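What you see is a predicted model, and the numbers here were worked out from it, not measured in a lab. Position 1 is the first residue of the sequence, and the numbers go up from there. Whatever order the structure lists ligands and atoms in, that order sets their numbers, starting from 1.
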Amino acid sequence: MITLSPQTSKAEPSADQLLSWYYQMSVIRQFELRCAQSYQQQKIGGFCHLYVGQEAVAVGSIAATKPEDYVITAYRDHGHAIARGMDMHKLFAELYGKATGCSRGKGGSMHFFDKEKNFFGGHAIVAGHVPLAVGLGWAAKYRKEDRVTLCYFGDGAINQGTFHEALNLAGLHKLPVIFFVENNGYGMGTHVKRASAVTELKLRTEDAYGIPGKDVDGMDCVAMYKMTASALDYCRAGQGSLFLEVKTYRYRGHSMSDPQKYRTKDEVSQYQQHDPIGRLEKRLSEQGVLDDAKIQKINNEIHEQVEAAHQQADADPFPTSDDIWRDVYSNPFGPYLPQA
Ligand SMILES: Cc1ncc(C[n+]2csc(CCOP(=O)(O)OP(=O)(O)O)c2C)c(N)n1
Ligand SMILES: [Mg+2]
């Protein structure tokens with residue numbers, strides 16, 4: 001029986017914390033809207049999956065981490081990267097294929113990466129990174145380091161074989177990993193009900209792998225923060241892994257070319273009534289922390305930052321043809337490898 005209660009584990013966040021989360025979610029929203037524009041202007045090549053609507057998931061959960069904790073996610077990775085504190089200029093540069101990009105322009109939208117921030121990507125293959133998260137968890141436990149791995153993936157990932165193999169190992173070895181399934185209702189255009197035999201996703205790991213599951217409102221960054229803080233305590237106490245079903249929703253298409261015939265506009269607008277940014281804006285306005293003028297000022301400031309980062313990236317150079325041979329292999333754990 002685990003004690004994991006988002007209500008009781010942590011003190012209420014302060015007004016400053018809430019304001020900072022409001023700010024971060026708004027940065028992600030504006031970054032994504034600029035991406036949509038840049039994509040239409042053909043500045044971004046390849047796939048591009050926007051995080052609009054899901055901002056509270058990354059912001060609330062990552063706010064509860066320590067810098068030493070590891071973060072790893074799938075291809076819808078812009079929000080997690082920003083919440084982890086990655087530099088927007090380097091992100092735009094990566095999207096535009098520039099040499100100054102966080103992955104030197106060779107990864108693109110789905111492969112953001114920042115070793116300094118312990119952000120381990122950005123992975124394009126559905127559920128392909130879940131075993132990597134287990135590897136990160138194993139490394140932390142083996143080296144007796146106080147690090148928890150936060151691993152994010154979509155509802156489409158949990159029917160993949162790799163997911164089940166990885167969770168079995170995490171459960172068996174009681175690894176310090178929090179698995180977040182960002183259940184936004186759809187894998188591309190297929191509703192969860194048409195893809196999963198058991199649609200209450202939080203139930204799927206306890207009996208199978210000994211990993212308790214909980215659900216959390218992913219449209220509420222405070223709920224995300226509290227649940228994650230509780231889960232981090234659980235992992236840091238050596239109790240093993242947790243599986244969190246995050247109820248969320250994406251407002252935009254799956255990727256940039258999605259006619260969205262699988263859902264109605266009405267469905268989208270119903271979820272938008274619970275918009276994570278709007279909800280927090282209301283709460284902070286009721287507390288007297290925000291008013292119309294402050295909201296306008298914050299949004300203008302963010303707009304300027306996003307535009308400056310985009311313009312800088314736009315003016316940056318592309319990699320040279322010689323760069324194609326660089327960074328093909330790397331050894332990120334150099335000092336830890338056994339000595340010959
Ligand atoms: C192994 C694998 N199969 C298929 C794809 C194609 N694909 C890309 S995204 C996606 C849907 C995944 O949906 P979900 O996990 O719910 O994530 P979301 O897009 O909702 O964030 C699919 C099938 C892929 N990238 N990798
Ligand atoms: Mg999904």
Open item on the list: For S196 and D155, which I'm curious about, is there any donor-acceptor pair between the side chains at under 3.5 Å?
Closed with: no

Open item on the list: For Y51 and H80, take the angle between the two ring planes, folded into 0 to 90°, and tell me which bin it lands in: parallel under 30, tilted 30 to 60, perpendicular over 60.
Closed with: tilted

Task: Modelled atom types, side-chain donor and acceptor of S255 and Y75, under 3.5 Å - done: no

Please give the N or O to N or O pairs under 3.5 Å between ligand 1 and the protein, distances rounded to 0.1 Å.
unit_1   : atom_1 : unit_2 : atom_2 : d
ligand 1 : 13 (O) : Y75    : OH     : 3.4
ligand 1 : 15 (O) : G156   : N      : 3.0
ligand 1 : 15 (O) : A157   : N      : 3.4
ligand 1 : 16 (O) : D155   : N      : 3.2
ligand 1 : 16 (O) : D155   : OD1    : 3.2
ligand 1 : 16 (O) : D155   : OD2    : 3.1
ligand 1 : 16 (O) : G156   : N      : 2.9
ligand 1 : 16 (O) : Y186   : O      : 3.1
ligand 1 : 17 (O) : Y75    : OH     : 2.9
ligand 1 : 19 (O) : Y75    : OH     : 2.6
ligand 1 : 19 (O) : R76    : NH2    : 2.8
ligand 1 : 19 (O) : H254   : ND1    : 3.3
ligand 1 : 20 (O) : N184   : OD1    : 3.0
ligand 1 : 20 (O) : N184   : ND2    : 2.8
ligand 1 : 20 (O) : Y186   : O      : 2.9
ligand 1 : 21 (O) : R76    : NE     : 2.9
ligand 1 : 25 (N) : A124   : O      : 3.1
ligand 1 : 26 (N) : V126   : N      : 3.1

Open item on the list: Which label fits Y152 and F180: parallel for a plane angle under 30°, tilted from 30 to 60°, or perpendicular past 60°?
Closed with: parallel

Open item on the list: Let's go through K202 and E200 carefully: what are the C-alpha distance in whole Å and the side-chain angles of both, what is the deciding distance for side-chain contact (heavy atoms from CB on, under 4.5 Å) to 0.1 Å, and is it a yes or a no?
Closed with: CA-CA 6 Å; K202 69 171 180 191; E200 214 178 326; 3.1 Å; yes

Open item on the list: Can you tell me how the ring of H310 sits relative to the ring of F92, calling it parallel under 30°, perpendicular over 60° and tilted otherwise?
Closed with: perpendicular

Open item on the list: Before we go on, tell me: are the rings of F31 and H78 under 6.0 Å apart, centre to centre?
Closed with: yes

Open item on the list: For the Mg ion (ligand 2), which protein N/O/S atoms fall under 2.8 Å? Skip waters.
Closed with: D155 OD1, N184 OD1, Y186 O

Task: Salt bridge flag under 4.0 Å for residues R326 and D323 - done: yes

Task: Distance-only side-chain donor-acceptor flag, Q272 / Y249, under 3.5 Å - done: no

